[in-house]
Amino acid sequence: MDKLQAIRGVAFDLDGTLVDSAPGLTSAVDQALYALELPVAGEERVVTWIGNGADVLMERALTWARQERASQRSAQGKPSVDGADIPQEEQQRILRKLFDRFYEETVEEGSFLFPDVLETLSTLHAKGIPLGLVTNKPTPFVAPLLEALDIAKYFSVIVGGDDVQNKKPHPEPLLLVAGKLSLTPAELLFVGDSRNDILAARAAGCPSVGLTYGYNYGEAITLSEPDVVFDHFKDLLPALGLSHSEHQELNND
């Protein structure tokens with residue numbers, strides 16, 4: 001916990017950290033796959049693909065779907081590859097566009113705040129701690145989602161996947177947030193749920209918190225060796241010298 005003593009600002013990952021976005025992402029992924037007459041994946045599988053942005057998400061979805069369909073065709077005594085298939089690269093391009101179209105329809109109704117997120121962000125903001133958001137999610141989806149969930153007002157800096165040349169796990173987005181908040185990397189705590197978040201924090205020189213309830217490709221977050229591991233989002237408050245009761249006190253003022 002020593003590294004948290006110097007903290008003057010906090011940045012957060014979005015999917016799997018603040019927001020359970022798996023239902024909306026899964027719906028968009030499966031609708032895109034179905035439109036190309038490919039097997040649908042389901043939420044249990046899709047959550048293991050989340051975290052590197054939409055391009056990589058759909059690459060993983062297409063790779064799995066093509067392998068799954070090949071297995072199905074082989075089991076039916078058919079050639080594993082359909083000669084009428086369009087090239088995989090073209091399939092990928094179409095699938096990505098389809099995902100954007102469907103996700104625009106599902107992003108808000110299929111995304112939910114994790115427990116204690118709203119109250120914790122409110123407390124940190126009320127205490128004057130500057131907050132940032134760093135996500136690999138395509139930028140056009142970020143602001144509408146934050147507004148729909150009523151948490152946009154808490155963030156001084158928001159960096160989406162299209163706002164930088166290099167997404168997490170590269171340190172660029174975290175360094176951008178630190179600069180905009182006039183903080184050194186050591187003064188900016190980064191909170192995330194996946195190895196990409198922890199790797200980005202380490203590369204940027206930021207202390208990190210790993211949350212155990214997120215997606216993280218089916219791996220335990222402890223394997224990524226964050227500086228601190230929490231099971232609950234609200235555990236941030238005492239770690240930063242604030243009590244859980246301060247939210248109630250602030251609301252009663």
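We're numbering straight along the sequence, starting at 1. None of the values given here were measured: they were computed from a predicted structure.
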Under a 4.0 Å threshold between the charged nitrogen and the carboxylate oxygen, would Asp227 count as salt-bridged to Arg202? no
Euclidean distance, Leu33 CG relative to Leu38 CG, rounded to 0.5 Å: 6.0 Å
Please assess Lys167 against Thr135 for the test side chain to side chain contact (heavy atoms under 4.5 Å, CB included), listing each intermediate value before the final yes or no. CA-CA 8 Å; Lys167 300 179 179 70; Thr135 175; over 6 Å; no
Side chain to side chain contact (heavy atoms under 4.5 Å, CB included), that's the test. Do Val29 and Met58 meet it? Break it down for me. CA-CA 7 Å; Val29 169; Met58 298 317 294; 3.9 Å; yes
In the structure I gave you, are the side-chain heavy atoms of Leu240 and Leu189 within less than 4.5 Å of one another anywhere? yes
Please examine the side chains of Ile94 and Leu36, heavy atoms only from C-beta on, and report whether any two atoms are closer than 4.5 Å. yes
So, taking the atom named CG in Leu133 and the one named CD1 in Ile158, what distance separates them when rounded to the nearest 0.5 Å? 6.0 Å
Between SG on residue Cys206 and CG on residue Leu183, distance to nearest 0.5 Å: 9.0 Å
CZ of Arg96 to CG of Leu62: how many Å apart, nearest 0.5 Å? 13.0 Å
Intermediate values then yes/no, ring pair (Phe, Tyr, Trp, His ring centres under 6.0 Å), Tyr34 and Phe102: CA-CA 11 Å; Tyr34 184 79; Phe102 292 126; 9.6 Å; no
Hey, could you give me the CG/CZ distance between Asp30 and Arg45, rounded to the nearest 0.5 Å? 9.5 Å
Quick one: does Glu108's side chain have a donor or acceptor within less than 3.5 Å of a partner on Ala148's backbone? no
From NZ (Lys234) to CG (Leu242), nearest 0.5 Å: 14.5 Å
Please check if atom CD in Glu90 has more than 12 non-hydrogen atoms from other residues, nucleotides or ligands closer than 6.0 Å. yes
Considering all heavy atoms of both residues, which atom of Gly160 and which atom of Val142 are nearest to each other, and what is their separation? CA-CG2, 4.5 Å
Do Thr123 and Glu119 pair up side chain to side chain, a donor and an acceptor below 3.5 Å, judged on atom types alone? no
Quick check on the hydrophobic clustering: are Val157 and Leu236 connected, directly or via other members, by side-chain heavy-atom contacts under 4.5 Å? no
List the atom of Ser111, the atom of Leu145, and the distance in Å for their closest heavy-atom pair. CB-CD1, 3.6 Å
Gln31 and Thr106, any side-chain heavy atoms less than 4.5 Å apart: yes
Report yes or no: does Ser194 contribute a side-chain atom to a donor-acceptor pair with the main-chain N or O of Gly51 at less than 3.5 Å? no
Kindly check if the number of other-residue, nucleotide or ligand heavy atoms within 6.0 Å of CD (Gln88) is above 12? yes
I'd like to know if the side chain of His170 reaches the main chain of Glu172, judged simply by a donor and an acceptor atom lying under 3.5 Å from each other, with no hydrogens or angles considered. yes
Is it true that, when you exclude Glu44 itself, more than 12 heavy atoms of the residues, nucleotides or ligands shown sit nearer than 6.0 Å to its CD? no
Enumerate, atom names and distances included, each donor-acceptor pair closer than 3.5 Å involving a side-chain atom of residues 213-220, sequence neighbours excluded.
{"from": "Tyr213", "atom 1": "OH", "to": "Thr17", "atom 2": "O", "distance (Å)": "2.7"}
{"from": "Tyr215", "atom 1": "OH", "to": "Asp20", "atom 2": "OD1", "distance (Å)": "2.8"}
{"from": "Tyr215", "atom 1": "OH", "to": "Ser21", "atom 2": "N", "distance (Å)": "2.9"}
{"from": "Tyr215", "atom 1": "OH", "to": "Ala22", "atom 2": "N", "distance (Å)": "3.1"}
{"from": "Asn216", "atom 1": "OD1", "to": "Arg195", "atom 2": "N", "distance (Å)": "2.8"}
{"from": "Asn216", "atom 1": "ND2", "to": "Glu219", "atom 2": "O", "distance (Å)": "3.0"}
{"from": "Tyr217", "atom 1": "OH", "to": "Asn52", "atom 2": "OD1", "distance (Å)": "2.7"}
{"from": "Tyr217", "atom 1": "OH", "to": "Asn196", "atom 2": "ND2", "distance (Å)": "2.7"}
{"from": "Glu219", "atom 1": "OE1", "to": "Arg195", "atom 2": "NH1", "distance (Å)": "3.1"}
{"from": "Glu219", "atom 1": "OE2", "to": "Arg195", "atom 2": "NH1", "distance (Å)": "2.7"}

For Asp100 and Lys97, indicate whether the former's side chain and the latter's backbone hold a donor-acceptor pair under 3.5 Å. no
Among Leu211, Ile198, Asp193, Val209, find the residue that satisfies the side-chain contact (heavy atoms from CB on, under 4.5 Å) test when tested with Ile221. Ile198
Identify whether Leu95 and Leu57 are in the same connected component of the hydrophobic contact network (ILVMFWY, side-chain heavy atoms under 4.5 Å). yes
Val177 with Phe155, same ILVMFWY side-chain cluster at under 4.5 Å: no
Candidate pair Tyr103 and Leu25, rule side chain to side chain contact (heavy atoms under 4.5 Å, CB included), full reasoning: CA-CA 7 Å; Tyr103 194 47; Leu25 287 168; 3.5 Å; yes
What is the minimum heavy-atom distance between Tyr154 and Ser122, and which atoms define it? OH-CB, 3.5 Å
Between Gln67 and Trp64 (side chain of the first, backbone of the second, donor and acceptor by atom type, cut-off under 3.5 Å), is there such a pair? no
Please say whether more than 12 non-hydrogen atoms of neighbouring residues, nucleotides or ligands are located less than 6.0 Å from CD in Glu104. no
Least distance between heavy atoms, Ala54 atom then Pro138 atom: CB-CG, 3.6 Å
Please report the shortest heavy-atom distance between Leu175 and Ala204, naming the atom on each side. CD2-O, 3.7 Å
Find out whether Asp13 and Phe190 are in side-chain contact, i.e. whether some heavy atom of one side chain is under 4.5 Å from a heavy atom of the other. yes
Closest non-hydrogen contact found for Gly210 with Pro226 is N-CB, 3.6 Å
Co-membership, hydrophobic cluster, residues Val228 and Leu124, 4.5 Å side-chain: yes
So do the side chains of Phe12 and Leu131 get within less than 4.5 Å of each other, counting heavy atoms only? yes
Any side-chain heavy atom of Phe114 within less than 4.5 Å of one from Leu18? no
Following the transitive rule for hydrophobic clusters with a side-chain heavy-atom cut-off under 4.5 Å over Ile, Leu, Val, Met, Phe, Trp and Tyr, establish whether Leu199 and Leu176 coincide in one cluster. no
Does the plane of the ring in Phe141 sit parallel, tilted or perpendicular to the ring in Phe99? Use 30° and 60° as the thresholds. perpendicular
Hey, are the side chains of Arg8 and Ile129 touching, using non-hydrogen atoms and a 4.5 Å cut-off? no
Take Leu146 and Leu14 through the test side chain to side chain contact (heavy atoms under 4.5 Å, CB included) and record every step on the way to the result. CA-CA 9 Å; Leu146 298 180; Leu14 182 60; 3.9 Å; yes
For Gln91 and Arg66, test the side chains for any donor-to-acceptor distance below 3.5 angstrom and give the result as yes or no. yes
Do Pro23 and Glu43 have side chains that get closer than 4.5 Å, going by heavy atoms? yes
